[in-house]
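Just so it is clear, the structure is predicted and the values come from calculations on it, not from any experiment. Only this structure's heavy atoms are used, side chains among them; waters, hydrogens and symmetry mates stay out. In what follows, every chain begins at residue 1, and chains take the letters A, B, ... in the order their sequences are listed.
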Amino acid sequence: MDSLGSWRRTHYTSEINGEMDGEEVTVMGWVNSIRKLGKLIFIILRDREGTIQIVIPKQKVPEEVFNIGKSLGREDVIAIRGKVVANEKAPGGCEIVPLEIRVLNRAESPLPLDPSEKVPADLDTRLDNRFLDLRRPKITALFKLRSEMLRAVRDTFYREGFIEVNTPKLVASATEGGTELFPLSYFEREAFLSQSPQLYKQMLMAAGFERVFEIGPIFRAEEHNTRRHLNEAISIDCEMSFADERDAMEMLEKVVYNTLLHIKEHCRRELELLDVDLKIQDIPFPRLTYDEVVDIVNTRGVEMEWGEDLSRAGEKVLGEYMEGFYFITKWPRDIRPFYTLPCEEDPKLCKAFDLMYKDLEIASGAQRNHIYPLLVESIKRMGLNPESFESYLQAFRYGMPPHAGWGLGADRFMMVLGGQKNIRECVLFPRDRHRLTP
RNA sequence: GCCCUGGUGGUGUAGCCGGGCCUAUCAUACAGGACUGUCACUCCUGUGACUCGGGUUCAAAUCCCGACCAGGGCGCCA
């Protein structure tokens with residue numbers, strides 16, 4: 001085994017081409033595959049950006065180089081200093097003839113799964129050996145896509161005058177209602193992992209921050225076991241003052257639309273690898289009211305009473321009826337959280353919305369209830385105790401502007417962008433009902 | 001949490017219905033050998049597996065029960 005020493009990579013494999021014939025380069029990466037043909041050895045070297053062929057003809061390289069080449073196995077980590085040779089017979093039209101090879105680390109064998117994708121592996125096996133799974137170009141592509149998605153989302157927020165914030169993930173209250181929280185011990189007290197930055201975002205409206213966004217983890221202790229649920233997820237959240245639910249929907253459209261454009265333009269290679277034909281959907285996205293949704297779902301043979309949330313069957317028929325992204329607006333007040341502002345014209349309804357992609361809910365938001373007495377009443381209505389919201393409610397008593405916002409599930413958004421059927425595919429190290437490692 | 005399906009070498013599979021010719025199939029990986037243009041290299045040789053526990057039977061990978069694990073569906077998801 002050799003040390004890196006003073007060697008540094010001069011090129012990623014993708015940066016080398018036939019026009020560099022004769023140039024000396026240093027490349028580093030993993031042995032993707034190796035074919036030993038007696039006195040001739042071919043290595044496909046893989047780095048983050050791609051692969052390149054290394055050719056080792058016994059007659060034309062130092063004996064030591066040939067011997068090292070012969071000793072290599074799959075996924076060994078090597079560095080090669082060598083000459084670029086343009087050659088039509090090589091994949092990509094060029095290859096490297098090594099002057100010197102350094103073996104930086106050996107890989108044990110057999111490997112727990114096959115990164116070259118000749119033999120498929122179950123998702124469970126892949127997640128158990130995720131670092132190896134992630135060496136597969138297709139999988140790497142998905143996470144490059146994710147990185148660019150986050151960049152596009154951030155860019156849009158900054159361009160629109162939002163401040164990026166971080167709110168606590170360790171919280172005291174288990175009384176927000178709704179979802180189950182993960183309890184944990186906090187010195188001599190009990191604490192919980194935050195299910196959403198909701199209450200903090202709103203307090204920042206009282207702080208006069210006007211427009212904030214946060215990209216961070218949320219934790220839900222539900223025992224769900226589906227392709228679209230995780231117990232730890234990343235939420236893209238925003239909140240804006242002096243705005244109503246229509247402003248919030250427009251902002252959400254901008255974020256989604258800009259991300260589609262950005263990915264389409266900057267991730268051609270990744271989309272191709274993933275075999276995704278990303279459609280740019282013009283804005284505004286269609287808006288359905290909850291009332292319309294109830295009609296559509298019932299007309300298509302799935303029973304749905306007014307006042308019920310969409311069942312999975314309901315989502316499916318709706319997803320068949322609607323193409324791409326669409327909003328559902330004007331929800332019944334009783335099935336939305338207490339911080340949603342009721343409609344003035346009909347107190348049974350509220351100013352909440354969901355953003356759907358086909359049959360998948362990817363975001364939800366609303367104009368928030370900024371009127372203190374009405375908010376207290378709503379908390380009671382939901383069977384919750386206003387006293388446990390004291391530090392939150394305080395913020396509404398000394399000048400809280402009208403405001404609206406939403407939360408977009410980053411991992412679900414990735415399912416749409418990357419064409420994935422299982423949300424676990426979109427997360428490096430997913431946390432679900434049974435998986436806590438790696 | 002409920003329902004359905006499944007668990008066979010490192011990985012992915014065939015065999016299971018109709019128990020015995022299974023000393024368990026194939027691919028890939030791995031080890032050794034031959035090979036100077038491979039690109040899923042080819043060829044020869046070799047190594048390696050029936051999730052666990054109980055039961056039925058002369059006989060269980062195969063049938064039955066339970067546990068564990070996985071996949072899918074549903075529920076839950078302010």
Counting heavy atoms from C-beta on, name the nucleotide in [options] closest to the side chain of [X].
{"X": "A:Val55", "options": "B:A29, B:G37, B:C39", "answer": "B:G37"}
{"X": "A:His434", "options": "B:C76, B:U28, B:A70", "answer": "B:A70"}
{"X": "A:Ser109", "options": "B:G75, B:A40, B:C30", "answer": "B:C30"}
{"X": "A:Arg220", "options": "B:G71, B:C77, B:G37", "answer": "B:C77"}

Give one of base, sugar-phosphate or nothing for [X], where a contact means two heavy atoms less than 4.0 Å apart.
{"X": "A:Arg433", "value": "sugar-phosphate"}
{"X": "A:Ala313", "value": "nothing"}
{"X": "A:Glu95", "value": "base"}

Run A:His403 and A:Gln367 through side chain to side chain donor-acceptor pair (under 3.5 Å) and show every step you take.
CA-CA 6 Å; A:His403 60 281; A:Gln367 179 171 179; over 6 Å; no
Hey, can you pull the donor-acceptor pairs under 3.5 Å for the side chains in residues 75-92 of chain A, sequence neighbours left out?
residue: A:Glu75; atom: OE1; partner: A:Arg46; partner atom: NH2; Å: 2.9
residue: A:Glu75; atom: OE1; partner: A:Arg135; partner atom: NH1; Å: 2.8
residue: A:Glu75; atom: OE2; partner: A:Arg46; partner atom: NH1; Å: 3.1
residue: A:Asp76; atom: OD1; partner: A:Ala107; partner atom: N; Å: 2.7
residue: A:Asp76; atom: OD2; partner: A:Gly73; partner atom: N; Å: 2.7
residue: A:Asp76; atom: OD2; partner: A:Arg106; partner atom: NH1; Å: 3.3
residue: A:Arg81; atom: NH1; partner: A:Glu24; partner atom: OE2; Å: 2.9
residue: A:Arg81; atom: NH2; partner: A:Glu100; partner atom: OE1; Å: 3.3
residue: A:Asn87; atom: OD1; partner: A:Lys89; partner atom: N; Å: 2.8
residue: A:Asn87; atom: ND2; partner: A:Glu95; partner atom: OE2; Å: 3.1

Between [N] and [M], how far apart are the two [atom1] atoms, rounded to whole Å?
{"N": "B:U5", "M": "B:G9", "atom1": "C1'", "value": "24 Å"}
{"N": "B:A29", "M": "B:G66", "atom1": "P", "value": "41 Å"}
{"N": "B:C2", "M": "B:U62", "atom1": "C1'", "value": "29 Å"}
{"N": "B:C64", "M": "B:C69", "atom1": "P", "value": "22 Å"}
{"N": "B:G75", "M": "B:A61", "atom1": "C1'", "value": "36 Å"}
{"N": "B:G73", "M": "B:A78", "atom1": "C1'", "value": "25 Å"}
{"N": "B:U51", "M": "B:G7", "atom1": "P", "value": "8 Å"}
{"N": "B:A60", "M": "B:C21", "atom1": "P", "value": "11 Å"}

Restricting to side-chain contact (heavy atoms from CB on, under 4.5 Å), what partner residues turn up for [X], sequence neighbours left out?
{"X": "A:Leu393", "result": "A:Tyr372, A:Leu375, A:Val376, A:Ile379, A:Pro386, A:Phe389"}
{"X": "A:Pro168", "result": "A:Tyr200"}
{"X": "A:Lys358", "result": "none"}
{"X": "A:Met382", "result": "A:Phe338, A:Leu384"}

State whether a side-chain donor-acceptor pair under 3.5 Å links A:Asp114 with A:Ser116.
yes
Between the side chains of A:Thr167 and A:Glu214, is a donor N or O closer than 3.5 angstrom to an acceptor N or O?
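The answer is yes; a qualifying pair exists.
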Please work out which residues in [range] have a non-hydrogen atom less than 4.0 Å from an atom of RNA chain B and list them by number.
{"range": "residues 346-383 of chain A", "result": "none"}
{"range": "residues 31-40 of chain A", "result": "A:Arg35, A:Lys36, A:Leu37, A:Gly38, A:Lys39, A:Leu40"}
{"range": "residues 402-424 of chain A", "result": "A:Asn422"}

When every nucleotide of nucleotides 9-15 of chain B is labelled 5' to 3' by its protein contacts under 4.0 Å (heavy atoms), B for base, S for sugar-phosphate only, - for none, what sequence of letters results?
-SBS---
Mind checking ring pair (Phe, Tyr, Trp, His ring centres under 6.0 Å) for A:His11 and listing every partner two or more places apart, or none if nothing turns up?
none
Quick one: sort the A:Phe327 and A:Phe353 rings into parallel, tilted or perpendicular, breaks at 30° and 60°.
perpendicular
Show every salt bridge (Lys or Arg N to Asp or Glu O under 4.0 Å) that has at least one partner inside residues 377-391 of chain A, sequence neighbours left out.
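Salt bridge (Lys or Arg N to Asp or Glu O under 4.0 Å) check on residues 377-391 of chain A returns A:Arg333-A:Glu377, A:Asp334-A:Arg381, A:Glu390-A:Arg397.
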When only distance counts, do a donor and an acceptor, one from the side chain of A:Thr340 and one from the base of B:A78, lie under 3.5 Å apart?
no
Could you let me know what B:G66 is paired to, Watson-Crick or G-U wobble, both distances under 3.5 Å, or none if it's on its own?
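The base-pairing partner of B:G66, which may sit in any strand shown, is B:C52.
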Paired with B:C41: which nucleotide, if any, by Watson-Crick or G-U wobble criteria at under 3.5 Å for both distances?
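With both distances under 3.5 Å required, B:C41 matches none.
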Residue whose nearest RNA chain B nucleotide is more 5′ - A:Leu310 or A:Arg227:
A:Arg227
Of A:His229 and A:Arg435, whose closest RNA chain B nucleotide lies nearer the 5' terminus?
A:Arg435
Which residue pairs pass the ring pair (Phe, Tyr, Trp, His ring centres under 6.0 Å) test with at least one member in residues 286-317 of chain A, sequence neighbours excluded?
A:Tyr290-A:Trp306, A:Tyr290-A:Trp331
I'd like to check A:Phe157 versus A:Cys238 (side-chain heavy atoms, cut-off strictly below 4.5 Å). Are they in contact?
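A side-chain contact under 4.5 Å exists here.
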